[in-house]
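Remarks on the structure that follows.
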Amino acid sequence: QVQLVESGGDLVQPGGSLRLSCAASGRSLSSATMGWFRQAPGEARQFVATFTWTGGQLYADSVKGRFTISRENAKNTVYLQMNSLRTGDTAVYYCAATYSTVALFRPDSYPYWGQGTQVTVSS
């Protein structure tokens, strides 16, 4: 079993920055592919970014150039650095983990999920 806990969500102004953290326990993330997803009220959960076990990084077009996913293996933690935030980025952000290589853009490819952390971008 893998347990994931997100933190770092906050209220920020448009153009601001925020870093989300996802701490794991129960199993090392060094051989896992990590994903960040987000979900606004009444909307479907959307892909944000992935970090594969080989070090590859992929981003949704809506966040490319603004968000960066990274990992710190010594702390068994994954991060999402968010810059140039927009009001459209407002959502609950979830981290997820998988040890397979199946359809990394789809939420149903990830068996392990955190509880989510709220990010609100507003002036």
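For this chain, numbers begin at 1 and follow the sequence in order. Keep in mind that what you see is a predicted model, and the values were worked out from it rather than measured.
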Discussion item. Measuring from atom CG of Leu58 to atom CD1 of Ile69, what distance do you get when rounded to the nearest 0.5 angstrom?
Written reply: 9.5 Å
Practice prompt. Show your reasoning for whether side chain to side chain donor-acceptor pair (under 3.5 Å) applies to Arg38 and Tyr93.
Written response: CA-CA 4 Å; Arg38 66 187 184 186; Tyr93 283 71; 2.9 Å; yes
Discussion item. Give me the atom names and distance for the closest heavy-atom approach of Leu80 to Ala49.
Written reply: CD1-CB, 4.4 Å
Worksheet item: What pair of heavy atoms forms the shortest contact from Ala24 to Val2, and how long is it?
Response: CB-CG1, 4.5 Å
Practice prompt. Please name the residue in the list Val121, Asp89, Leu85 that meets the side chain to side chain contact (heavy atoms under 4.5 Å, CB included) test with Leu18.
Written response: Leu85
Fill in: Verdict with reasoning, Gln39 to Tyr94, per side chain to side chain contact (heavy atoms under 4.5 Å, CB included)
CA-CA 8 Å; Gln39 187 168 21; Tyr94 299 88; 4.2 Å; yes
Fill in: 4.5 Å side-chain heavy-atom contact, Thr117 and Ser7
no
Fill in: Distance under 6.0 Å and angle within 45° of ring axis: Arg27 vs Tyr99
yes
Discussion item. Test side chain to side chain donor-acceptor pair (under 3.5 Å) on Ser122 and Thr120; report intermediate values, then the result.
Written reply: CA-CA 6 Å; Ser122 176; Thr120 302; over 6 Å; no
Worksheet item: Is the backbone of Gln115 close enough, under 3.5 Å, to the side chain of Glu6 for a donor and an acceptor to pair up by distance?
Response: yes
Discussion item. If hydrophobic clusters are built by linking Ile, Leu, Val, Met, Phe, Trp and Tyr wherever their side-chain heavy atoms come under 4.5 Å apart, do Phe37 and Val63 end up in the same one?
Written reply: no
Item to complete: Show your working on side chain to side chain donor-acceptor pair (under 3.5 Å) between Ser17 and Asn83 and close with a plain yes or no.
Response: CA-CA 4 Å; Ser17 297; Asn83 299 324; 2.9 Å; yes
Discussion item. Could you report the tightest heavy-atom contact between Ser25 and Asn76, atom names first, then the distance?
Written reply: N-ND2, 4.3 Å
Discussion item. For Ser109 versus Ser100, what's the shortest heavy-atom pair and its separation?
Written reply: O-OG, 4.2 Å
Item to complete: Indicate yes or no for a side-chain donor-acceptor contact from Thr54 to the backbone of Thr52 under 3.5 Å, with no hydrogens or angles considered.
Response: no
Worksheet entry | Tyr110 side chain to Trp36 backbone, donor-acceptor under 3.5 Å | no
Discussion item. Testing Arg19, Arg71, Glu72 one by one against Tyr79 for a side-chain hydrogen bond (donor to acceptor under 3.5 Å, both in side chains), which residue passes?
Written reply: Glu72
Item to complete: Could you go through the side chain to side chain contact (heavy atoms under 4.5 Å, CB included) check for Val119 and Thr90 one step at a time?
Response: CA-CA 5 Å; Val119 173; Thr90 296; 6.0 Å; no
Worksheet item: Side chains of Gln3 and Gln1: does their closest heavy-atom pair fall under 4.5 Å?
Response: yes
Worksheet entry | Derivation of the ring pair (Phe, Tyr, Trp, His ring centres under 6.0 Å) call for Phe105 and Phe47 | CA-CA 6 Å; Phe105 307 98; Phe47 166 77; 4.9 Å; yes
Worksheet item: Judged by atom type as modelled, is there a donor-acceptor pair below 3.5 Å linking the side chain of Thr33 to the main-chain atoms of Thr98?
Response: no
Worksheet item: So, do Gln81 and Phe67 sit near enough that their side-chain heavy atoms are less than 4.5 Å apart?
Response: no
Item to complete: Go through Gln57 and Thr50 one step at a time and tell me if the side chain to side chain contact (heavy atoms under 4.5 Å, CB included) criterion holds.
Response: CA-CA 6 Å; Gln57 301 172 23; Thr50 63; over 6 Å; no
Practice prompt. Report whether Leu20 and Tyr59 are members of the same hydrophobic cluster (ILVMFWY, side-chain heavy atoms less than 4.5 Å apart, transitive linking).
Written response: yes
Discussion item. For Trp113, does the six-membered ring have the charged nitrogen or CZ of Arg45 within the cation-pi criterion, i.e. under 6.0 angstrom from the centroid and within 45° of the normal?
Written reply: yes
Worksheet entry | Nearest non-hydrogen partners of Pro111 and Ala97, listed with the distance | CD-O, 3.2 Å
